[in-house]
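Beneath this line is the structure, given in structure tokens, with notes to follow.
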Protein chains: 2
Amino acid sequence: MKLMLVGYGNVGKAFRSLIHERKINVEIGGIVTSKGAMFKDSEKFEVEKKIMAIDALEEIKPDIVVDMSVANYKDGEPSYSLYISALRQGIHVITTNKSPLALRFKEIMETAKMHNAKIGFQATVMSGTPSINLYKILPCMKIIKIRGILNGTTNYILTRMSEGSSYNEALKEAQEKGYAEANPELDINGFDSAAKLAILTNVYFQKNISINEVKFEGIKNINRNTIDDAKKTNSKIKLIAYADSKENYVSPIAIDQKDELFNVDYVNNALQIESDIEKITIIGPGAGPINAAYGALSDLILLIKGVL
Amino acid sequence: MKLMLVGYGNVGKAFRSLIHERKINVEIGGIVTSKGAMFKDSEKFEVEKKIMAIDALEEIKPDIVVDMSVANYKDGEPSYSLYISALRQGIHVITTNKSPLALRFKEIMETAKMHNAKIGFQATVMSGTPSINLYKILPCMKIIKIRGILNGTTNYILTRMSEGSSYNEALKEAQEKGYAEANPELDINGFDSAAKLAILTNVYFQKNISINEVKFEGIKNINRNTIDDAKKTNSKIKLIAYADSKENYVSPIAIDQKDELFNVDYVNNALQIESDIEKITIIGPGAGPINAAYGALSDLILLIKGVL
């Protein structure tokens with residue numbers, strides 16, 4: 001299997017390291033960034049040719065494209081066109097980039113299906129903690145609702161604020177640890193959570209909504225008083241994402257001590273799935289370069305094994 | 001696909017109902033209990049021939065055996081011999097019965113592999129909450145330790161005791177709700193948790209231990225005082241199962257409020273997986289006929305899809 005990596009920031013570098021460290025039996029045929037393409041596997045990235053990823057497909061001829069580039073919520077480009085082009089050629093796509101799937105889910109899924117290509121996107125929601133892939137091992141459930149904490153940066157900030165930190169200190173820490181999106185505004189205002197909720201809604205309820213159909217509110221209005229008031233009633237403010245078959249939203253909510261999400265702190269995220277059979281909760285890191293890279297790696301292994 | 005169901009208690013009945021309700025495209029070729037075999041699919045069980053399951057294989061000629069019979073921890077029989085015989089004929093096995101796997105894991109796995117047959121055993125640990133199947137979507141992790149609450153009956157009793165119930169009241173409730181094993185002694189003394197920990201250890205650490213190699217202590221010595229003392233320090237007593245590459249045990253332990261297992265109450269179970277990449281926790285019901293039946297159903301669907 002030959003891979004073409006797209007994007008070579010912290011996640012891309014962590015992914016490449018994992019491939020080598022774990023001796024995964026694949027070949028990295030090239031790495032492409034917004035600056036151009038390199039047609040070899042090297043830790044140090046150097047542009048060999050100034051072309052875009054979509055054009056590099058023909059030169060690298062990969063079996064799998066692994067997109068770890070930055071989200072563009074205007075139109076999902078250039079990743080969206082790259083996926084469509086790759087899938088039409090029967091090239092599989094694995095991605096950590098939420099934007100194409102949060103904007104044009106159905107087109108991507110249908111193109112993949114039509115050309116018998118696979119699309120792995122575990123890392124778009126909760127990084128390496130199974131969320132998308134969890135659905136694959138929960139067949140034949142009738143999902144009633146899903147609920148979760150889907151953004152690592154805001155959960156980190158809320159946790160540190162409840163421990164006494166200021167908002168700015170906490171945000172700076174989250175950025176230093178590599179949890180925050182390139183533009184932290186998208187974490188803070190709830191947009192990143194909403195994008196993830198759109199993807200989860202499409203998977204768990206077989207829908208086709210875009211981020212633009214998710215109501216969202218971030219943590220901008222949460223201050224020291226809100227945090228302290230919650231504490232007085234043994235509650236915590238968490239940025240909760242919720243969806244059922246009728247509605248969906250992202251909103252800061254005070255949850256009480258008995259809530260299974262109460263102890264989901266720092267960069268941890270969580271997803272609760274309530275079905276006609278049972279309620280399941282999964283908790284794990286929701287951000288971090290190694291975690292996002294592992295999400296993509298798990299997709300890669302499952303794809304090679306024919307499980308994806 | 002033709003199924004042969006073995007055992008027709010609460011779990012067997014719930015499984016048969018699920019197959020029909022969800023319109024799963026399989027045929028139930030017969031049902032076998034310790035009393036004999038019925039060679040048709042009917043809600044009401046009637047013995048048509050006094051034979052054992054292993055002999056019914058030849059008459060029913062199933063593609064898949066689904067074993068939902070009661071655990072026998074002496075030697076795992078008659079299920080163990082049934083599995084070996086079925087697997088040798090290339091017949092897949094799905095089981096909710098822990099004892100053969102907790103006693104002779106390696107022989108069963110190797111026989112399955114040699115004859116290209118599959119063995120699904122999600123329901124043996126945490127019923128329908130992914131534990132065994134979760135491992136399948138977490139490839140290439142180096143597991144450092146696992147830790148969990150693996151028995152629904154004892155967790156239910158401990159929760160109700162912390163709410164003020166007596167031990168006997170709580171046990172009676174657990175039995176009425178169908179959580180307890182046929183012999184609740186095996187829940188109470190930690191043996192059931194130990195059997196599950198043996199299976200998890202074999203899966204997560206690629207080992208081949210039997211239940212007889214797991215140190216275990218149950219909740220027999222937990223009384224009102226132990227519960228109240230824990231409460232005073234904002235702790236709760238939980239029956240914790242733990243394994244790393246060197247040791248394993250089941251023991252009642254006081255865990256504090258910040259522990260992710262603190263809110264795992266009543267019949268809920270939990271599994272924490274700590275790897276070199278990250279720590280993941282999954283929480284969900286660990287007992288109940290419908291939940292165990294769903295565990296087997298999920299294996300069945302994954303087997304049909306070629307994912308198991």
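Chain naming here is simple, since letters A, B, ... match the order of the sequence lines and numbering starts at 1 in each. Small disclaimer: the values here were computed from a predicted structure and weren't measured.
With contacts defined as side-chain heavy-atom distances shorter than 4.5 Å, the pair Ile282(B)/Leu134(A) qualifies. In this structure, Leu297(A) and Ile277(B) have side chains that are not in contact, with every pair of non-hydrogen atoms separated by 4.5 Å or more.
Comparing Ile273(B), Val307(B), Ile280(B), Leu302(B) by how many heavy-atom pairs each has under 4.5 Å with chain A, the most go to Ile280(B). When Ala293(A), Gly128(A), Gly288(A), Gly284(A) are compared by the number of non-hydrogen pairs under 4.5 Å with chain B, Gly128(A) comes out ahead.
For Leu18(A), the part lying near chain B is the side chain, with the backbone staying farther off; criterion is any non-hydrogen pair under 4.5 Å. Residue Ile24(B) touches chain A through its side chain alone, counting heavy-atom pairs closer than 4.5 Å.
Across all non-hydrogen atoms, the minimal contact from Leu138(A) to Pro130(B) is CD2-CG, 3.6 Å.
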Under 3.5 Å, which donor-acceptor pairs link chain B and chain A? Put them in a table for me, please.
residue: Arg22(B); atom: NH1; partner: Cys140(A); partner atom: O; Å: 2.7
residue: Arg22(B); atom: NH1; partner: Asp276(A); partner atom: OD1; Å: 3.4
residue: Arg22(B); atom: NH1; partner: Asp276(A); partner atom: OD2; Å: 3.1
residue: Arg22(B); atom: NH2; partner: Asp276(A); partner atom: OD2; Å: 2.3
residue: Leu138(B); atom: O; partner: Tyr294(A); partner atom: OH; Å: 3.4
residue: Pro139(B); atom: O; partner: Tyr294(A); partner atom: OH; Å: 2.5
residue: Cys140(B); atom: O; partner: Arg22(A); partner atom: NH1; Å: 2.7
residue: Gln257(B); atom: O; partner: Asn263(A); partner atom: ND2; Å: 2.7
residue: Asp259(B); atom: O; partner: Asn263(A); partner atom: ND2; Å: 3.0
residue: Glu260(B); atom: OE2; partner: Asn268(A); partner atom: ND2; Å: 3.1
residue: Asn263(B); atom: ND2; partner: Gln257(A); partner atom: O; Å: 2.7
residue: Asn263(B); atom: ND2; partner: Asp259(A); partner atom: O; Å: 3.0
residue: Asn268(B); atom: ND2; partner: Glu260(A); partner atom: OE2; Å: 3.2
residue: Asp276(B); atom: OD1; partner: Arg22(A); partner atom: NH1; Å: 3.4
residue: Asp276(B); atom: OD2; partner: Arg22(A); partner atom: NH1; Å: 3.1
residue: Asp276(B); atom: OD2; partner: Arg22(A); partner atom: NH2; Å: 2.3
residue: Glu278(B); atom: OE1; partner: Asn291(A); partner atom: ND2; Å: 2.7
residue: Thr281(B); atom: N; partner: Ile283(A); partner atom: O; Å: 2.8
residue: Thr281(B); atom: O; partner: Ile283(A); partner atom: N; Å: 2.7
residue: Ile283(B); atom: N; partner: Thr281(A); partner atom: O; Å: 2.7
residue: Ile283(B); atom: O; partner: Thr281(A); partner atom: N; Å: 2.8
residue: Asn291(B); atom: ND2; partner: Glu278(A); partner atom: OE1; Å: 2.7
residue: Tyr294(B); atom: OH; partner: Leu138(A); partner atom: O; Å: 3.4
residue: Tyr294(B); atom: OH; partner: Pro139(A); partner atom: O; Å: 2.6

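Taking CG from Leu308(A) and CD1 from Ile137(B), the interatomic distance works out to 11.0 Å, rounded to the nearest 0.5 Å.
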